[in-house]
**Q** 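Questions regarding the structure given below will be posed in turn.
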Amino acid sequence: QYTAVSGRQFLAGLAQREQRNPQFDFLKPTHMLFSYFTSLVDAYSKVLTPTDVQRVFGEDGQDPKKVLARVVQRYEWNRQAEEKKAQAKAADDEKERLYQSVDWHEFVVVETIEFP
């Protein structure tokens with residue numbers, strides 16, 4: 001976390017200062033844990049320095065009215081999606097019921113048409 005806050009210059013200085021210390025070998029690019037360490041530093045950097053979109057959502061999260069409006073909007077969207085899904089299922093069920101209601105074995109050949 002401290003490396004993410006302090007930046008790459010701190011990391012370079014730390015690696016230079018502790019290059020003889022075996023406990024800090026993971027700071028060398030050839031060490032197998034170097035990529036893991038850098039991915040952690042990058043993740044912490046992203047968390048500690050939010051983007052503009054994250055700032056806007058963070059500010060919106062402070063206002064209870066905006067949060068409630070967003071919750072209501074999401075609820076309505078989910079309700080409409082469930083209604084559409086239920087209507088589609090009902091239509092499919094009706095098609096299946098109509099298909100099943102036909103007795104396919106009672107058909108009789110009335111006439112045969114022969115083409116020249």
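For reference, positions follow the sequence shown, starting with 1. Since we're looking at a predicted model, the values are computed, not measured.
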**Q** I need the S101 OG to E96 CD distance, nearest 0.5 Å.
**A**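 Answer for the OG-CD pair, S101 versus E96, is 10.0 Å.
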
**Q** Should D92 and K85 count as an ion pair when the cut-off is N to O under 4.0 Å?
**A** no

**Q** Do you reckon W77 sits in the same ILVMFWY cluster as Y75, going by side-chain contacts under 4.5 Å, direct or chained?
**A** no

**Q** Decide if atom OH of Y44 counts as having more than 12 heavy atoms of other residues, nucleotides or ligands within a radius under 6.0 Å.
**A** no

**Q** Is there side-chain contact between F37 and D42, with at least one heavy-atom pair below 4.5 Å?
**A**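 A side-chain contact under 4.5 Å is absent here.
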
**Q** Is there a path of hydrophobic side-chain contacts, each under 4.5 Å between heavy atoms of I, L, V, M, F, W or Y residues, that connects L48 with L40?
**A**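 L48 and L40: separate clusters.
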
**Q** Who passes side-chain hydrogen bond (donor to acceptor under 3.5 Å, both in side chains) against R70, sequence neighbours left out?
**A**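 So R70 forms a side-chain hydrogen bond (donor to acceptor under 3.5 Å, both in side chains) with Q73.
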
**Q** Do NZ/NE/NH1/NH2 and the carboxylate oxygens of R97 and D93 come within less than 4.0 Å?
**A** no

**Q** At their closest point, which heavy atom of Q19 faces which heavy atom of K28, and how far apart are they?
**A**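 Shortest heavy-atom contact: O-NZ, 3.5 Å.
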
**Q** Indicate, with yes or no, if F26 and M32 share a hydrophobic cluster defined by side-chain heavy-atom contacts under 4.5 Å among Ile, Leu, Val, Met, Phe, Trp and Tyr.
**A**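 In one cluster with M32: F26, yes.
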
**Q** Within the 3.5 Å criterion, strictly below it, is a donor on E76 or Q80 matched to an acceptor on the partner's side chain?
**A**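 The criterion, which ignores hydrogens and geometry beyond distance, is not satisfied for Q80 and E76.
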
**Q** Within the structure provided, determine whether V41 and L11 are in side-chain contact (heavy-atom separation under 4.5 Å).
**A**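 Not touching, per the 4.5 Å side-chain cut-off.
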
**Q** If every non-hydrogen atom of D25 is compared with every non-hydrogen atom of H31, which pair is closest and at what distance?
**A**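 Closest approach of D25 to H31: O-CB, 3.2 Å.
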
**Q** Quick check: are there more than 12 heavy atoms from other residues, nucleotides or ligands sitting under 6.0 Å from OH of Y36?
**A**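 For Y36, atom OH is not crowded (no more than 12 foreign heavy atoms under 6.0 Å).
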
**Q** Is it true that R79 and E82 have a side-chain N and a carboxylate O under 4.0 angstrom from each other?
**A** no

